[in-house]
Every structure is written in structure tokens, then in C-alpha cells.
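Excluded from the calculations below are hydrogen atoms, water molecules and symmetry mates; all remaining heavy atoms, backbone and side chain alike, are included. Note on naming: letters A, B, ... go to the chains in the order of the sequence lines (proteins, then strands), and numbering restarts at 1 for each one.
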2 protein chains.
Amino acid sequence: MAADARVSEDDLRAFVGRALRATGMRSADAEMVADGMVWADLRGIDPHGVAKLPLCVARFQAGGSQPDAEPTVVEESGTTAVLDACGAWGQVAGARAMAIAVDKAGRERLGAVVVRDSSSLGALGYYPLIAVRRGQIGLMITNSMPLLAPWGGAARLLGNQAYAIGCPAGRHPPLLLDTSNSATTWGHVKGVLERGESLPAGLALDRDGRPTVDPAAALEALLQPVGGHKGSGLALMWEVLTGVLAGLAFGPRVGSPETIGQRQQVSHFALAIDPSAFLPRDQFTERVDSLIDQVRSVPPAPGFERVYAPGERGFLLTAERTRTGIPLPEHRLAELCALADHLGVDRPRRSTTIRAAG
Amino acid sequence: MAADARVSEDDLRAFVGRALRATGMRSADAEMVADGMVWADLRGIDPHGVAKLPLCVARFQAGGSQPDAEPTVVEESGTTAVLDACGAWGQVAGARAMAIAVDKAGRERLGAVVVRDSSSLGALGYYPLIAVRRGQIGLMITNSMPLLAPWGGAARLLGNQAYAIGCPAGRHPPLLLDTSNSATTWGHVKGVLERGESLPAGLALDRDGRPTVDPAAALEALLQPVGGHKGSGLALMWEVLTGVLAGLAFGPRVGSPETIGQRQQVSHFALAIDPSAFLPRDQFTERVDSLIDQVRSVPPAPGFERVYAPGERGFLLTAERTRTGIPLPEHRLAELCALADHLGVDRPRRSTTIRAAG
């Protein structure tokens, strides 16, 4: 395996920030998006990390997303809001939406914000942590371009509707579920195709809606929902809370990020819950800690070293990458350097090169 | 296949009501529970229908649940409440919780109620419909006795954490997802064992946490979560919103309904969302109708006649059973008649007998 370059998280964050400012994004938004992308890289969620920056910049330059959009609250109550992202990059709109939900939950115990006219959120887990830092439970849902058929169907109608739930703990890192309703990702299917392998059963359907293990047949057709009708049903209900409630595109009308000149009209739903409405805060976090202790002490099944709580591995990897830097394949670093030159900003700085494990 | 008896929904509801009143349950609660059980039978969710009545009565008589418990709000804000079920039958507490959440959402746009010291809710889909009848979106979650290991583990820690989400439509019946986080149910595994068959792959684990297709090995061990870590993660987050927030038992301490002399300490979470906080009501229901139309018009995959929206088949079966009566296996009807005699109330009335299809 080729050696990866390493870039420190601080340097990578600074690079993403100056690249985004060069596109016309306000400083505070650029810092927030940089933080969100590097957060994903720290946790090993590479497709949602700096790997997305070139697409983000391309969308700004082609006019499909607006670097300087000012997301605006267009409907509001004490507990709820509709945030019109006005074509902003999704991470800007998503973070603002969760912050509004958290403010409302701080006053009213619950807060919910629906976002319209947005784009991709990147790694969903970033947003519930905005609630967790305020001692709240956060849920973030996004719809996406259609990838799934409703159960029993043979045509794309629903996104995989990624969602994340975060919950504060006491001694332990927060619980953080970051997941979706598809049985796998396009990235996984593409990787299988590139390696000339077959897919495991149960992950994809061909054009006629038949289960397939052929990654090429899958790529032109459908991912399977998690658990058949269960994942399909949840994906549909998440469409109600996002695209339907947001009042613009839903279902098959939600656009692809790759169509860089067009608004995607992605919608999100952010919910914040103040646990102290139900239980004194210390008791709550002690009980979460106890649940995490119980999870970790479950005897592992064959093939597993130990049992992890949701999100735990991401926090462990973050600690490691904070020390050792973020590994970037050479082709990725070269792409980012070319982007820096194109935007007229300083390139990211390589900190050291370590041969990748394995 | 043996012929089923048929009982009309009205007669069955009346029978369940008088049986429950005979145990000491207040009339309004008895009518509500009867409605909930018969609702499940109308939709073909037999294990949560009148099949549960003997267990319910047994729990009352053994003292594990209280027929005349008065669920009491012990913490409250404008948007939230904690409802202490005081050992009530779960359906009584669950319906009250959702009604409180709906009242709060009627005033504040959002409402959430956590229930402690409850028991089994029966069919989860019943509760969101309390919100749907008021034009709201409802989510109901329950924890349960442990059935699942957290992903990678080999010991029971989490319930299958059934949940249901309902959403009002306009021309169409509501959307109603009624699901859980286990890949199958104990009832299914027991049926496979009785028929001397093997389980499909991916449904269960044996005592050591190894995948098994042997139903006997599964029964003494573990169900698999839906989608591996995905279902396991959601089951854990649902435990946070139920058992952890409710302040009593959580995880492995939640009791079995079959231990009839002991409190189960089941917890629930009810959330109601007023969609008109985000979008005018008519626009919202028109958009839900449009989404349902799109789902129904997706071309079916091989082996499927057509694509159904979540909950649609249950509404269709309800319409049929409202006309033809509810089919009950003879052994079930005999059991209910014996229960009637035991409680000193009139037996359920057989309306007609039709040879079951197949």
C-alpha cells in the first residue's frame, strides 16, 4: 500500500478555512466548515472530510451552492423554526439549524428546526455534538438524492436519509450514533467494483429490483435499505420530517451534489432535547456512563476484540490523529495543493510521512 | 389449516372491556386498552391483540401490574412531562403519555413525555395515531426486556426497542411505521422451531455470539439487531430516551412480561410535532399525499405485486376485518372463553366461521 502523507489537524483546518474564504465565504462560516470537514477526517470518515472540499468549491464556482449565502429564519415559534439556507453549503446551514434548536431547547426544553434549500451536510455526527456541548440530546436528519426504492419497488425514490443522535455522558465521551438507512454506501460498491470483487448478499438491487452481488449492476440501480421494509420505512418517515416539511423538493426531486451548477434543495431536520426536563443533569449523565460501562463490559462475540459504544471508536481515532496527524493519500494531498494554487492560497503543509499500516 | 372462528370487532372490544373492568380497571382505561388490543387484531398484528389479554389479566392477579393504577405526572414543563405509570398496564400509560405530548404540542408546537414504571405497550402504532388524529406527527418508543447484544457482543443488554412514527395525510390514510431494532421476533423463531425448520441467515446468534440458523440455539441466546451496528446503535439511543431518562430500570434490569408477579419497569418516550409550525396544514397534507402517490406508483420488484406505503396494508386489512370480523384460532377463542368464565363475565360471541384461506 502506498504511503500516506500526514497533515496536522490544525494545519488542515487552517488550509480549508483559507480556501473557503478565497471563494467568498465569510470567515466564521469558513472556520465552521473547516472544523466540520477536519472533524470527519479525525474520526476516519474520509469521504466527508477534506475529500469533499474540491466538490464544495466546484459547486460555489458553478453556482449550484452559494459561498456567501445568509441562511434566514422564515418561520418561527418558541420551540420551532424554518431556516431557509438560501442555497448555502449544507454544513453552514446545518450547524446554524442545530444551534437554533439548542437555543430553543435551552429555554423551552425542546427545539426543532427544519432547513430548506440546503446541500450536503457531510458527516452527520458533527451536528448532534453542538447539542451535546450544551448538555442536550441532539438528533440531525438529512434527506438526499434518491438512492433507495421503497420496499418492494424497483426505482429510486428515497435518499439513504443519514441521521445522527448524540447524547452527553459524564466520565465518558458522548454517545454518538452516525448512521443511515441504506445497507451500504456507493463508495463501498465502487471500491468492490475497482477491486474486481463481488458484493456480499443483501446490499444492492439491479435495475429490475432483483438482489444482485454485481457491483456494476448495483451502481446503475439501487442500494438496499437496512433491514428491508424497516429501513425503507424509516427513510420514508425521515423524508416527511425533512423534504416534505421543508416545503421545497422531496423524494426524487432532490438533486445530486455532483450536478454542480444546480441547487440540490436538500432538507434537514434538527431536534434538541434538554434531558434536565426529565431528570437532574448529574443523575442523567451518571446513568449514561453506567450504560456505556455496561456496553463495554459485554463479552465480545467471536471475531470481535471488545464491544464499543456508539461513536467510541471515532473518539479513540480522533485522539490518535490529534497526535499523529491526519493521513491523506498522496493523490488527495496533490489535489488539495492544486486547489490551493487555483484559489491563490497557501498549500496545506505536509507534517511527516509515515508508512500506512497494513 | 384449521378453520378460524370469527368475532366482530365490536363484540371483541366489548368483551375485552368487560374482562378488564372485572379485574378492577376503570371503565375509561378498560375501553382504551380494549380499543388498542382490537386495533392490533384488525391490522393483523395478532401477538399484540387479544392474544395478550390472558397475560394482562395474569399480571394483574399476580400483582406485577396494577389494573387501577393512576399514572401521575411527576415532572412537567410547557413542552415536557415525566409520567409515572405507577405500575399500570403499558397501554394505559402509553396512551396517556401521547395524549399529554399532543396537548403540549397543540400549545407549544412540540411535546415530549417520558414514562416510567410501565409495562408492555402492545402494538406501538396505536400511539402515534393519537397525534395523527390531532393533525400532528407522533413518535412512540419503548424499551423492553433485553433481547439483543450491543454490536460485537455475546450477551443480552438491550431490548428490541420497538418504535412507531405516524404522520397525517389528506386523501390517504396516515403514514404509519411500526417497527423495531431486531432482525426478527421471538414469535417468528418459535414458529420456525415448531415447524422443525432452520432460520434464515442473519436473524439470530447463539450463546457464544456466533450467527446461528438453529432456532433452539437462538431461543436461549440472542436476536440479531437490524443491520448489525446500525440497529444496535439505534436500540442503544432509544434506551437513553426511555430507560435512562425515566430514572428507573434500564438495560438488563428491565423485566419480562412473563414474570407476572414483578414490576417490569418498562419506560416509554412519546414525542408530538405540530407540522403547522413549519408549513400550512393543507400544504403539508397535500405533500404527504403526493409522497404516498409516488410510493404507490413505483414499479414493483419481482415477487411484489405493488409497493405499499408504511402502514397501508394494515389499514387495508382493517377495512376487510371490519366487514368480515376478526379471525381467531379456535384455541385462542377457547382461551378467551375460559378467561371470561374465570372472571365471571360474558364470553366473546362467535359471529360466523369461515375456512381460513390457504
Side-chain angles (χ1 to χ4, degrees), chain A residues 75 77-80 82 108-110 112 114 137 149-155 157 165 167 175 177 179 183 205 208-210 226-227 230-231 233-234 236-237 239-241 244-247 250-252 273 275 277-279 283-284 287-288 291 294-295 298-302 304 307-310, chain B residues 75 77-80 82 108-110 112 114 137 149-155 157 165 167 175 177 179 183 205 208-210 226-227 230-231 233-234 236-237 239-241 244-247 250-252 273 275 277-279 283-284 287-288 291 294-295 298-302 304 307-310:
Chain A
E75 290 283 340
S77 78
T79 59
T80 61
V82 176
E108 304 290 344
R109 309 311 195 110
L110 299 177
V114 170
I137 297 167
W151 184 239
L157 186 76
I165 309 175
C167 166
L175 286 169
L177 176 70
T179 188
L205 302 175
D208 300 322
R210 288 190 176 83
V226 165
K230 294 191 174 189
L234 189 55
L236 190 90
M237 302 314 292
E239 188 68 50
V240 170
L241 290 182
V244 172
L245 268 186
F250 62 87
I273 300 171
F278 305 97
L279 203 65
Q283 273 183 51
F284 176 69
R287 289 165 68 83
V288 173
L291 180 61
Q294 288 176 51
V295 167
V298 166
F304 292 84
V307 180
Y308 292 87
Chain B
E75 290 283 338
S77 77
T79 58
T80 61
V82 175
E108 305 288 345
R109 311 310 197 112
L110 300 176
V114 170
I137 297 167
W151 184 240
L157 186 75
I165 309 176
C167 166
L175 286 169
L177 175 71
T179 188
L205 302 174
D208 299 323
R210 289 190 176 82
V226 165
K230 295 191 173 188
L234 189 55
L236 189 90
M237 301 316 290
E239 187 70 48
V240 170
L241 290 181
V244 172
L245 268 186
F250 63 87
I273 300 171
F278 305 98
L279 203 64
Q283 273 185 49
F284 176 69
R287 288 166 68 83
V288 173
L291 180 62
Q294 289 177 50
V295 167
V298 166
F304 292 85
V307 180
Y308 292 88

Residue from A/Ile165, A/Leu245, A/Leu279 scoring the most non-hydrogen pairs under 4.5 Å with chain B is A/Leu245

- Query: Do the non-hydrogen side-chain atoms of B/Leu110 and A/Thr80 ever get within less than 4.5 Å of each other?
  - Reply: yes

**Asked** Side chains of B/Leu177 and A/Leu236: does their closest heavy-atom pair fall under 4.5 Å?
**Response** no

Turns out that what part of B/Val298 lies under 4.5 Å from chain A's heavy atoms comes down to side chain

When the 4.5 angstrom heavy-atom criterion is applied to B/Leu234 and chain A, the contacting part is both

Under a 4.5 Å cutoff for heavy-atom pairs, which residue among [options] has the most contacts with chain A?
{"options": "B/Gly231, B/Gly247, B/Gly233, B/Gly227", "value": "B/Gly247"}
{"options": "B/Gly78, B/Gly152, B/Ala154", "value": "B/Gly152"}
{"options": "B/Phe304, B/Trp151, B/Tyr308, B/Phe284", "value": "B/Phe304"}
{"options": "B/Val82, B/Val244, B/Leu241, B/Thr179", "value": "B/Val244"}

When the 4.5 angstrom heavy-atom criterion is applied to A/Ser77 and chain B, the contacting part is side chain

Shortest non-hydrogen contact from [X] to [Y]?
{"X": "B/Val240", "Y": "A/Cys167", "result": "CG1-SG, 3.6 Å"}
{"X": "A/Gly209", "Y": "B/Ala301", "result": "O-CB, 3.5 Å"}
{"X": "B/Val307", "Y": "A/Gly153", "result": "CG2-CA, 3.5 Å"}

Distance col, row A/Glu75:CD vs B/Arg109:CZ, nearest 0.5 angstrom, shows 8.5 Å

